[in-house]
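Values reported hereafter were calculated over all heavy atoms of this structure, with side chains retained and with hydrogens, waters and symmetry mates removed.
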Amino acid sequence: MKELLIGKLTWESLPHQWWTIAGSLSFIFLGLIVAGILTYTKRWKWLWNEWLTSVDPKKIGIMYFIAGGGMLLRGGLDAVMLWLQQALSSGDSHGYLNAQHFQEIFTAHGNIMVFFVAMAFIFGLINYIVPLQIGARDLASPLMNTLGFWLFVGGIVMVNMFFFFGGEYAATGWLAVQPLAGAEFSPGAGVDYWVWSLMISGIGTTLGAINFIMTILKMRAPGMTLMKMPLFTWGSLYSMVMALTIFPLLSMTLFLVYFDRALGTHFFTTMGGGDPMLYTNLIWMWGHPEVYVLVIPAYGLFSEVVSTFSRKPIASYTSAVVGMFGVASLALSVWLHHFFTMGAGANVNAFFGVMTTFVAIPTAVLVFNWIATMYGGRIRFETPMLWFLGFGFVFALGGISGVMLAVPPVDFQLHNSLFLVAHFHSTVIGGVLFGIFCAISYWWPKFTGFRLNERLGRYAFWAWIIGFNLSFIPMYILGFMGASRRLDHYDAETGWQPLFILMFIGGLVIMLGVALQLAQIIASFIEKKRLRTNNDPWDGRSLEWAAASPPSFYNFTTIPHAATRDAYWAIKKSHNRKTQYEDIHMPKSTGVGIYISLFATLASFAFVWHIIWLIVVSILGIIVTFIVRAFDENTEYTIPAAKVKKMEEARAKKEKAGPAIENNDYDEDMGLWELIKVILGFILGLLRNRGWRRWRA
């Protein structure tokens, strides 16, 4: 009876180690703080109606940012813990983590940073910016959009659930190598949490990819042909086509892993005639293109930033579009370079080595396109442009090392070494994370109506650049010296410890960069009246700058006409901006995405612990929710033209009430010491119950 009710859950499944107890208490404490603030300010209803059930892609994008930002702090803390262990664990000293705990942190760090940080920010940017760039009011399926987001949140819940039930995470590497991930070698719940966190978030990603593709292909503004789309939209389209290609493959692979573990099948276990290398091929057929799913939207973003801050059109629009297509298509045929050492033979290795090298060609086309755009331009070295230049240096380092690893004899020497880890982080941090930071600083005025603090943004940029080089340049050296990845202890005679200590120091500098970014956001909110800007602070070229800052929930009062590639640039030059008000049809908010995600998360938890009745109830809940939604015909509403006019006039009146910064005409930003004093004053005022209303205003 006990097993029927709670499956494999036991008292030992509850937190009983210091890190699981601390982790569970931390999440509970944070939850209580948020609940207390919402109760004190009477904002529960506001949170539900305005945010959690919203189908506005801009609000969903912001919620992606918040989720990704929280997981960035979580994954970054894991990284610093790994660096500290490696700095201490030499010779007779074994550091402060045992081998099992180190491998669990290693696995969690990789999963969190790739699936729940990079994917969160990229999907957040696409949600917010792409509809604005193509002149659309919403996405093709608002319901699918909110469902995809909440399934992603369900994945976040599952990846952290081991703190509360289970006591351990997978210790198998971030892609759960076989046969280590099998039930024989990993009998605990950690691998199952890994499987189901990726499963439900991956389904959400697949739904999002379908939705974005439909939106880009079918909802562009009048006159906007494919070859007139902004380059960030092109990058997003390529990225989502790749995601739609590879994420169903990931889902099926995860099902097979779970079948092996729970049902005793032998797809990947040699004991029953399975093949672990089949799993390695399947997971990397997803895993390598996934990197390009993340980085190709950044390519499109960098093209827009370089054009804007060089004050000239992109040097060759067509070559940029073709270059991103070349990267996306070739990236699907290079997965085997991750395991040249498996013994497939010289011909197979040669083919995948050549294909990997070929990826550098369209990438180089993009790089030379950016250089040609900057050549002869009047470059403004604002923070977004600094992030682009930082990307150029770090990503070039990753690209050169990647071409080296594409040569099978070189890979035989460096396979599974820290050289490979350094290469991966050079491409993902340089290409994806720096792209995300560039995008946030570039589009922040569009998100909020005011700029970010420029001085603190520069401090954060240099902290990241310095910290990255201190952390990852030693990794290249250690890789040449024979240090393998997943290494939690090494002999003192190797002479590696000074380099590991340098890596840890670099990690602390990176954490300083993160702290400065948080301070930058806080300072900008405090200074928002002085940092207010107009709708087009960078003198932009694409349609998102035609919308209000922040945009109305319907994006555009009138759908713009895209006569040229740089549609907004043409509108500004024509001086033809007469507004004609019209009725606007918008989707209603819905909690269906939350309900389905809740049932899916419960089902995933039940699959982990083999609670059969909960699996049945949860699946029935998903089906019933879908049926109820399918018969709901009251899902849209209309805003009359007269009300639209009234709202727009009220917004225009409010904008005229205060000064707006025109382009680069702004005062010197608040320094770090001034910020500290202001924050301390705010906290003291809040304690006296006088600061909260000023902050909320």
Enquirer: What I'd like to find out is whether the side chain of Phe302 reaches to under 4.5 Å of the side chain of Leu231, using heavy atoms alone.
Expert: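 Counting from C-beta outward, Phe302 and Leu231 never come under 4.5 Å.
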
Enquirer: Assert yes or no for the condition that the ring centre distance of Tyr238 to Tyr292 is strictly below 6.0 Å.
Expert: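 Ring-ring flag for Tyr238/Tyr292: false, centres at least 6.0 Å apart.
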
Enquirer: Quick check: does any side chain N or O of Lys446 sit under 3.5 Å from a backbone N or O of Ala547, one acting as donor and the other as acceptor?
Expert: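 The answer is yes, because a donor-acceptor pair under 3.5 Å joins these two groups.
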
Enquirer: For the pair Phe123 and Tyr64, name the ring-plane relationship: parallel under 30°, tilted 30 to 60°, perpendicular over 60°.
Expert: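 Ring orientation of Phe123 relative to Tyr64: tilted.
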
Enquirer: Is a side-chain N or O of Ser303 found less than 3.5 angstrom from the main chain of Tyr299, in a donor-acceptor match?
Expert: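 The answer is yes, because a donor-acceptor pair under 3.5 Å joins these two groups.
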
Enquirer: Within this structure, what is the CG-CD1 distance for the pair Leu139 and Ile210, rounded to the nearest 0.5 Å?
Expert: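 Result: 13.0 Å between the selected atoms.
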
Enquirer: Should Ile283 and Leu250 be marked as a side chain to side chain contact (heavy atoms under 4.5 Å, CB included) after you check the CA-CA gap, both sets of side-chain angles, and the distance that decides it?
Expert: CA-CA 7 Å; Ile283 200 67; Leu250 173 67; 3.8 Å; yes

Enquirer: Evaluate whether atom OH of Tyr637 has more than 12 neighbouring non-hydrogen atoms of other residues, nucleotides or ligands under 6.0 angstrom away.
Expert: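 Check passes, neighbour count above 12.
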
Enquirer: Report yes or no: does Ser618 contribute a side-chain atom to a donor-acceptor pair with the main-chain N or O of Ile615 at less than 3.5 Å?
Expert: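 Looks like no, no N/O pair under 3.5 Å.
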
Enquirer: Examine distances only and state if a side-chain atom of Ser552 and a backbone atom of Tyr554 form a donor-acceptor pair shorter than 3.5 Å.
Expert: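 Pair absent, no side-chain N/O of Ser552 close to backbone of Tyr554.
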
Enquirer: Test your reading of the model: is there a side-chain donor-acceptor pair from Thr20 to the backbone of Pro15, 3.5 Å cut-off?
Expert: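 Side chain of Thr20 to backbone of Pro15, a donor-acceptor pair under 3.5 Å: no, none is there.
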
Enquirer: Show the nearest heavy-atom pair for residues His610 and Ala262, with the distance to one decimal.
Expert: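 In this case the closest contact between His610 and Ala262 is NE2-CB, 4.0 Å.
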
Enquirer: Are any of the side-chain heavy atoms of Val327 and Ile296 separated by less than 4.5 Å?
Expert: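 Counting from C-beta outward, Val327 and Ile296 do come under 4.5 Å.
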
Enquirer: Rounded to the nearest 0.5 Å, what separates atom CG in Leu52 from atom CH2 in Trp46?
Expert: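 One gets 9.0 Å once the value is rounded to the nearest 0.5 Å.
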
Enquirer: Between the main-chain N or O of Met144 and the side-chain N or O of Ser141, is there a donor-acceptor pair closer than 3.5 Å?
Expert: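 It does hold such a pair.
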
Enquirer: Between Leu254 and Phe259, does a side chain to side chain contact (heavy atoms under 4.5 Å, CB included) hold up when you go through it step by step?
Expert: CA-CA 9 Å; Leu254 294 173; Phe259 291 161; over 6 Å; no

Enquirer: Are the side chains of Leu226 and Arg220 in touch, meaning some heavy atoms are under 4.5 Å apart?
Expert: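 A side-chain contact exists here, since the closest heavy-atom pair is under 4.5 Å.
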
Enquirer: Please step through ring pair (Phe, Tyr, Trp, His ring centres under 6.0 Å) for the pair Phe115 and Phe152, ending with a clear verdict.
Expert: CA-CA 9 Å; Phe115 288 98; Phe152 175 83; 9.6 Å; no

Enquirer: Taking all heavy atoms of Ala140 and all of Thr215, pick out the closest pair and write down the distance.
Expert: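 Nearest heavy atoms, Ala140 then Thr215: N-OG1, 2.8 Å.
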
Enquirer: Side-chain contact test, heavy atoms from C-beta onward, threshold under 4.5 Å: evaluate it for Pro131 versus Asp138 and give yes or no.
Expert: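 Heavy-atom side-chain distance check fails, nothing below 4.5 Å.
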
Enquirer: Can you find a pair of side-chain heavy atoms, one from Leu125 and one from Pro297, that are under 4.5 Å apart?
Expert: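 They are not in side-chain contact.
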
Enquirer: Out of Asn111, Thr107, Asn160, which residue meets the side chain to side chain donor-acceptor pair (under 3.5 Å) rule with Tyr169?
Expert: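 Looking at Asn111, Thr107, Asn160, the match for Tyr169 under the side chain to side chain donor-acceptor pair (under 3.5 Å) is Asn111.
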
Enquirer: Using the side-chain hydrogen bond (donor to acceptor under 3.5 Å, both in side chains) rule, take Asn281 and Trp335 through it: C-alpha gap first, then chi angles, then the decisive distance, then the call.
Expert: CA-CA 8 Å; Asn281 274 276; Trp335 76 89; 3.1 Å; yes

Enquirer: So that I can tick it off, tell me whether Glu50 and Lys58 are bridged by a salt bridge, with the cut-off set at under 4.0 angstrom between side-chain N and carboxylate O.
Expert: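 No, Lys58 and Glu50 are not salt-bridged.
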
Enquirer: Between Val191 and Ala181, which heavy-atom pair has the shortest distance, and what is it?
Expert: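 In this case the closest contact between Val191 and Ala181 is CG1-O, 3.7 Å.
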
Enquirer: State whether the side chain of His109 and the backbone N or O of Gly75 hold a donor-acceptor pair below 3.5 Å, judged by distance alone.
Expert: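 Flag set: sc His109 to bb Gly75 pair under 3.5 Å.
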
Enquirer: When the ring centroid of Trp150 is compared with that of Tyr595, is the distance short of 6.0 Å?
Expert: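 No.
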
Enquirer: Taking Thr233 for the side chain and Met229 for the main chain, is one N or O donor matched with an acceptor at less than 3.5 Å?
Expert: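 Not a single qualifying donor-acceptor pair exists.
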
Enquirer: Could you go step by step and tell me if Glu304 and Arg565 meet the salt bridge (charged side-chain N to carboxylate O under 4.0 Å, His left out) rule?
Expert: CA-CA 12 Å; Glu304 306 233 10; Arg565 285 173 181 166; over 6 Å; no

Enquirer: Charged N to carboxylate O below 4.0 Å: is that the case for Glu649 and Lys646?
Expert: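 Salt bridge flag = no for Lys646 with Glu649.
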
Enquirer: Yes or no on side chain to side chain contact (heavy atoms under 4.5 Å, CB included) for Arg629 and Thr635, after CA distance, side-chain angles and deciding distance?
Expert: CA-CA 9 Å; Arg629 172 67 183 190; Thr635 60; 3.7 Å; yes

Enquirer: Could you tell me if Trp48 and Thr53 have a donor-acceptor pair between their side chains, going purely by distance under 3.5 Å?
Expert: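 No, Trp48 and Thr53 have no side-chain donor paired with an acceptor closer than 3.5 Å.
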
Enquirer: How about Phe556 and Arg137: do any of their side-chain heavy atoms sit closer than 4.5 Å?
Expert: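 A side-chain contact exists here, since the closest heavy-atom pair is under 4.5 Å.
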
Enquirer: To the nearest 0.5 Å, tell me how far Leu132 CG sits from Phe232 CZ.
Expert: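 That separation rounds to 11.0 Å.
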
Enquirer: Might you confirm whether atom CZ of Phe325 has over 12 heavy atoms from other residues, nucleotides or ligands at distances under 6.0 Å?
Expert: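 Incorrect, the count does not exceed 12.
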
Enquirer: For Lys8, is the NZ atom crowded, meaning more than 12 foreign heavy atoms sit under 6.0 Å from it?
Expert: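 Check fails, neighbour count at 12 or below.
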
Enquirer: Less than 6.0 Å separating the ring centroids of Phe607 and Trp196?
Expert: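 Yes - the distance between ring centres of Phe607 and Trp196 falls below the 6.0 Å cut-off.
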
Enquirer: Where does the angle between the aromatic ring planes of Trp284 and Trp174 fall among parallel (under 30°), tilted (30 to 60°) and perpendicular (over 60°)?
Expert: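 Aromatic pair Trp284/Trp174 classed perpendicular.
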
Enquirer: To the nearest 0.5 Å, tell me how far Met199 CE sits from Leu151 CG.
Expert: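 One gets 12.5 Å once the value is rounded to the nearest 0.5 Å.
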
Enquirer: Examine Phe437 together with Trp443 and report whether their ring centres are nearer than 6.0 Å.
Expert: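 No, they do not, as the ring centres are separated by 6.0 Å or more.
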
Enquirer: In Å and rounded to the nearest 0.5 Å, what is the OH to NZ distance from Tyr581 to Lys645?
Expert: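 Output value for this atom pair is 6.5 Å.
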
Enquirer: I need the minimum non-hydrogen distance between Thr172 and Ala176, along with the two atoms involved.
Expert: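 Scanning both residues completely, I find the closest heavy atoms to be OG1-CA, 3.2 Å.
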
Enquirer: Are Tyr279 and Phe267 close enough that their ring centers fall under 6.0 Å?
Expert: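 Not under 6.0 Å, so no.
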
Enquirer: Under the 3.5 angstrom rule, does the side chain of Thr448 hit a backbone N or O of Phe450 as a donor-acceptor pair?
Expert: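 Yes, Thr448 side chain to Phe450 backbone: donor-acceptor pair under 3.5 Å.
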
Enquirer: Give a yes/no verdict on a cation-pi contact between Lys59 and Trp51, requiring under 6.0 Å between NZ or CZ and the six-membered ring centre and an angle within 45° of the axis.
Expert: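 Yes, cation above the ring, under 6.0 Å and within 45°.
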
Enquirer: side-chain contact (heavy atoms from CB on, under 4.5 Å) with Ile134: which of Lys228, Met224, Lys218?
Expert: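 The single option meeting the side-chain contact (heavy atoms from CB on, under 4.5 Å) with Ile134 is Met224.
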
Enquirer: Which distance, rounded to the nearest 0.5 Å, do you find between the CZ of Phe631 and the CZ of Phe626?
Expert: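 CZ of Phe626 is found 14.0 Å from CZ of Phe631.
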
Enquirer: With side chain to side chain contact (heavy atoms under 4.5 Å, CB included) as the criterion, how do Met113 and Val428 come out once you've worked through the C-alpha distance, each side chain's angles and the decisive distance to 0.1 Å?
Expert: CA-CA 10 Å; Met113 298 304 280; Val428 174; over 6 Å; no

Enquirer: Using 30° and 60° as the class boundaries, would you call the ring planes of Trp444 and Phe525 parallel, tilted or perpendicular?
Expert: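 Perpendicular.
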
Enquirer: Do the ring centers of Phe65 and Phe447 come within less than 6.0 Å of each other?
Expert: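 Yes, close enough.
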
Enquirer: Can you check whether Ile594 reaches Thr146 side chain to side chain, under 4.5 Å on heavy atoms?
Expert: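 Heavy-atom side-chain distance check fails, nothing below 4.5 Å.
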
Enquirer: Please determine, by modelled atom types, if Thr638 and Asp583 share a side-chain donor-acceptor pair under 3.5 angstrom.
Expert: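 The answer is no; no qualifying pair exists.
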
Enquirer: Just by modelled atom types, is the Ile37 backbone N or O under 3.5 Å from a matching donor or acceptor in the Thr41 side chain?
Expert: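 Answer holds: yes.
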
